Amino acid sequence: MREADGPPCPVCATPNQPGRMFCRRCAAALDVPDPVAPLPWWRTRWPFHRRVEVTASTEVPGHPAGNAIDGFNNRYGGAPAVGDSLTFTFRTPVRLVDLDITSGASTDPQVYRSEARPITLDLVTITSKGQKAHKAIALDDKPDPQTIQMGISDVATVQLIIRSTAGMSPGRHIALAEIEFFKRS
């Protein structure tokens, strides 16, 4: 008889063979979770707080640049004016496949428009050898993540420079809810 190395029964704790639907001892249903498909190699996201450092040319009090890469879209990094920038430095160079930008104060539609949002950005990538590439980015004024395709190898630094905004008025600042980088693994 084959060794029972599958999930134990949730009722009687008897070990069962992998793939069984019912317990071999008490016939209770085995709760076998469906296998989760792995992400494609080109959408692999890595833990930002360990591999990316972010600095801002200017920050808004209470909304540090680190909020833009903290994995939460209900907090944001704030910039006071057009021309301000965020600079992301990777601990080791990466093949940057694409990045997602979520603008605004939150993805919640009620909160999204409470602050100004970037509409156009300049994206500058710098490789470990110092080569620069520039890309103009136009964002839709919506609270959903927007994917920017990159396909650049050996990226050491990414800089986003705010060029224009929507919803800017006195007493408001520019909000970036989340920036997510995707690399080839």
Side-chain angles (χ1 to χ4, degrees), residues 42-108 111-169 172-185:
W42 51 272
R43 291 294 286 180
T44 303
R45 180 179 149 194
W46 66 96
F48 306 112
H49 62 279
R50 290 184 288 195
R51 302 215 180 124
V52 179
E53 289 181 17
V54 62
T55 57
S57 59
T58 309
E59 290 180 330
V60 172
H63 301 284
N67 284 0
I69 59 167
D70 65 358
F72 299 102
N73 57 25
N74 62 348
R75 301 191 306 189
Y76 61 91
V82 170
D84 290 337
S85 65
L86 292 173
T87 302
F88 306 89
T89 304
F90 303 102
R91 286 191 183 168
T92 58
V94 298
R95 164 107 175 124
L96 186 59
V97 177
D98 57 28
L99 66 121
D100 283 354
I101 299 175
T102 305
S103 63
S106 171
T107 55
D108 179 343
V111 181
Y112 173 73
R113 293 183 185 271
S114 65
E115 298 295 343
R117 289 90 47 208
I119 295 297
T120 57
L121 301 165
D122 284 342
L123 184 140
V124 180
T125 56
I126 304 169
T127 67
S128 63
K129 295 179 177 124
Q131 296 173 318
K132 289 186 178 184
H134 297 265
K135 185 173 189 169
I137 298 173
L139 298 174
D140 295 327
D141 190 13
K142 64 179 187 173
D144 302 315
Q146 298 175 60
T147 301
I148 313 303
Q149 295 180 345
M150 300 298 297
I152 301 175
S153 295
D154 198 35
V155 175
T157 304
V158 173
Q159 184 179 36
L160 290 172
I161 306 159
I162 300 166
R163 292 301 177 205
S164 69
T165 63
M168 192 67 168
S169 62
R172 294 177 116 193
H173 50 267
I174 305 161
L176 276 165
E178 194 65 27
I179 310 291
E180 296 180 89
F181 296 95
F182 296 89
K183 70 175 185 105
R184 185 173 187 171
S185 59

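Just so it is clear, the structure is predicted and the values come from calculations on it, not from any experiment.
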Counting only heavy atoms not in Gln149 (residues, nucleotides, ligands), do more than 12 fall under 6.0 Å from its CD? no
Beyond-backbone contact of [X] with [Y], side-chain heavy atoms, under 4.5 angstrom:
X      : Y      : value
Leu121 : Ile101 : yes
Thr107 : Thr102 : yes
Arg117 : Tyr112 : yes
Asp84  : Ile174 : no
Met168 : Val82  : no
Phe90  : Val52  : yes
Lys183 : Arg95  : no
Thr125 : Leu123 : yes

Using the six-membered ring wherever Trp is involved, compare the ring planes of Phe88 and Phe181 and label them parallel, tilted or perpendicular (cut-offs 30° and 60°).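 Correct class here is perpendicular.
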Which atoms form the tightest heavy-atom contact between [X] and [Y], and what is the distance?
X      : Y      : result
Ile162 : Pro118 : CG2-CB, 4.4 Å
Ser164 : Thr120 : OG-OG1, 2.5 Å
Ile152 : Ala133 : CD1-CB, 4.4 Å
Tyr76  : His173 : OH-NE2, 2.9 Å
Ala56  : Ala65  : CB-CB, 3.8 Å
Leu86  : Ala68  : CD1-CB, 4.3 Å

So does [Y] get a backbone contact from the side chain of [X], meaning a donor-acceptor N/O pair under 3.5 Å?
X      : Y      : answer
Arg113 : Gly167 : no
Gln159 : Ser85  : no
Arg75  : His63  : no
Glu53  : Arg91  : no

Using the side chain to side chain contact (heavy atoms under 4.5 Å, CB included) rule, take Arg163 and Ile161 through it: C-alpha gap first, then chi angles, then the decisive distance, then the call. CA-CA 6 Å; Arg163 292 301 177 205; Ile161 306 159; 3.3 Å; yes
From [X] atom [atom1] to [Y] atom [atom2], the distance as rounded to the nearest 0.5 Å:
X      : Y      : atom1 : atom2 : value
Leu99  : Leu96  : CG    : CG    : 6.0 Å
Asp98  : Glu180 : CG    : CD    : 10.0 Å
Glu178 : Asn67  : CD    : CG    : 9.0 Å
Lys142 : Ser103 : NZ    : OG    : 9.5 Å
Thr147 : Asp100 : OG1   : CG    : 3.5 Å
Asp144 : Asn73  : CG    : CG    : 10.0 Å

Met150/Val158 under side chain to side chain contact (heavy atoms under 4.5 Å, CB included): CA gap, chis, key distance, verdict: CA-CA 11 Å; Met150 300 298 297; Val158 173; over 6 Å; no
